[in-house]
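Just so it is clear, the model here is predicted, and its values are computed rather than measured. In what follows, every chain begins at residue 1, and chains take the letters A, B, ... in the order their sequences are listed.
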Number of protein chains: 2
Amino acid sequence: MSTPGRGLHGRVLDTLGPAITAGEYPAGSVLRTDELAQRFEVSRSVMREAVRVLESMHLVESRRRVGVTVLPECEWNVYDPQVIRWRLAGSERPRQLRSLTVLRSAVEPVAAGLAARHATAEQCAELTECALGMVANSRGHRLEEYLFHDVAFHRVILTASGNEMFARLGGVVAEVLAGRTHHDVMFEDPDPAAVTLHVQVAEAVRARDAERAEQLTREITEGALQELDILAP
Amino acid sequence: MSTPGRGLHGRVLDTLGPAITAGEYPAGSVLRTDELAQRFEVSRSVMREAVRVLESMHLVESRRRVGVTVLPECEWNVYDPQVIRWRLAGSERPRQLRSLTVLRSAVEPVAAGLAARHATAEQCAELTECALGMVANSRGHRLEEYLFHDVAFHRVILTASGNEMFARLGGVVAEVLAGRTHHDVMFEDPDPAAVTLHVQVAEAVRARDAERAEQLTREITEGALQELDILAP
DNA sequence: GTGACATATAAGTCTGACTTTTTGTTCCCG
DNA sequence: CGGGAACAAAAAGTCAGACTTATATGTCAC
């Protein structure tokens, strides 16, 4: 997905990034550029570029006379799409999925409320189309087709909110929804109640009912939280 | 703040990053590595490292035979703390501040609710301490001291939520609050109502009343939205 | 023990030569 | 006149080697 192997330094990152985010090198571990360059069979300049990228993600810190130090998890740029992808691919996947779902539960309802205010006529139409697509594929194990429309639906909501920070979470939501379909739960057809909620959200947005759009979306995300057993006793 | 001038490539970024995020090079503009290296009087290797970092932030894209292309704003990693800082420093500051405040309004109430469930005794104590500090400095133009406790308060809430994604927004909130005090509104003492709300949130968290903590925080962030005139007619 | 100094180490920087990919042009043939 | 294949140029990508600089750490005198 996205940009695989854009140059040698990218290949190095494809190995080193997942390794670090998976915790293979505990915080405080020290790596040396030369050693890494040898290990990956690339020149020092290529290795340096890779290290610079990791540094900009706050995964490592490079200091003279010391080496490349792995930073503690709390320093990482966990919003970097690349970091998110690496972590979702590793053993920390469940925890990452929970974090992201909680984030969704905070952001999406507010985004839906804003979308009800700012969505263009075209976006309203898209939304309805997505919702209908979900309905049409909600039965008969058409999981892939359902997922496609589900992702599109949430993307439109986030974009239509008019807030760039929300809009940029579209990719995250896509990953979470795809993960749910492909890895975790959802062996059978999606919950009919959820499908209905999506249709109702589309209606609420079209009707410019921000309050209702927000509340309905809150119900959707609460469902997502329940699927992962994230809730108070 | 943070890491100024960590190496030559960092200096280049300190100039080029703000320039790009400020829109000095419109999307689609093409730069050449060699030319940039000359302009900044650094070697090509240093320039390449800088470009790699910009690339990892999705500010630019480097392609063979073409050059370094500036990407449209919608591609940027707007959650990268560095990008946020650059944009807050430029002419897009007001818009950026609004985006971030809307994000806060979505995240912080949910974070407060979670904090009420997960906060340790120590965190509860910190929270109360911060709230008291806010009260103590809420009169007599002690804006800096007030800001300090305000930032600390929101950081504790975000951290205590137990969600790493929320916790990492502490820096963002700090920037927004600092910006409000230093640049924009707030020439006089803070709104007493807001101060009271903070105290009540601390109480609610201590009392493990998630519902109330969330609702009170929602009132706080709604106040922040109103200060920036972000609300429906 | 404490402070100044020396040393070794690993990152940082620069340069120049070479490779590879891609784009756009040219030219030939249908 | 149009289309496709071959070609040429441009810019990033890669590599190797020499040199510089900061700094952690050990040493030695006091």
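- Atom pair A/R63:CZ and C/dG12:C1' shows a separation of 15 Å (rounding to whole Å applied).
- Within a 6.0 Å radius of CZ in B/F40, more than 12 heavy atoms belonging to other residues, nucleotides or ligands are found.
- Look at CZ on B/R48: it is 15 Å from C1' on C/dG16, rounded to the nearest Å.
- Rounding to whole angstrom units, CD of residue B/E35 and C1' of D/dA12 are separated by 14 Å.
- Of the two residues contacting DNA chain D, namely B/R52 and A/R65, the nearest-nucleotide position lying further toward the 5' end is that of B/R52.
- Side-chain atoms of A/R206 do not come within 3.5 Å of backbone N or O of A/A121 as any donor-acceptor pair.
- Taking atom CG of residue A/L8 and atom C1' of nucleotide C/dT21, one finds them 13 Å apart after rounding to whole Å.
- Using a 4.0 Å heavy-atom distance criterion, B/S62 is classed as a sugar-phosphate-only contact.
- B/E49 places its CD atom 15 Å from the C1' atom of D/dA12, with the value rounded to the nearest Å.
- Between C/dC14 and B/S45, no contact under 4.0 Å exists linking OP1 or OP2 to a side-chain N or O.
- Listed candidates were D/dA12, D/dA24, C/dC14. Nearest to the side chain of A/V66 is D/dA24.
- The base of C/dT13 is paired with the side chain of A/R44 by a donor and an acceptor separated by under 3.5 Å.
- Between A/E73 and A/R87 there is a salt bridge, with a side-chain nitrogen of the basic residue lying less than 4.0 Å from a carboxylate oxygen of the acidic one.
- Between the P atom of D/dA12 and the CZ atom of A/R6 lies a distance of 18 Å, rounded to the nearest Å.
- Whole-Å rounding puts the A/R11 CZ to C/dT20 P distance at 13 Å.
- The residues A/D14 and A/R85 are annotated as not salt-bridged, no charged nitrogen and carboxylate oxygen being separated by less than 4.0 angstrom.
- Between B/H154 and B/H198, the ring center distance clears the sub-6.0 Å criterion.
- Residue A/R64 places a side-chain atom within donor-acceptor reach of the base of D/dT21, judged by atom type and a 3.5 Å distance cut-off alone.
- Of the candidate nucleotides D/dA12, C/dA11, C/dT23, C/dA11 has the atom nearest to the side chain of A/T33.
- In this structure, A/E41 atom CD and D/dA16 atom C1' are separated by 16 Å, rounded to whole Å.
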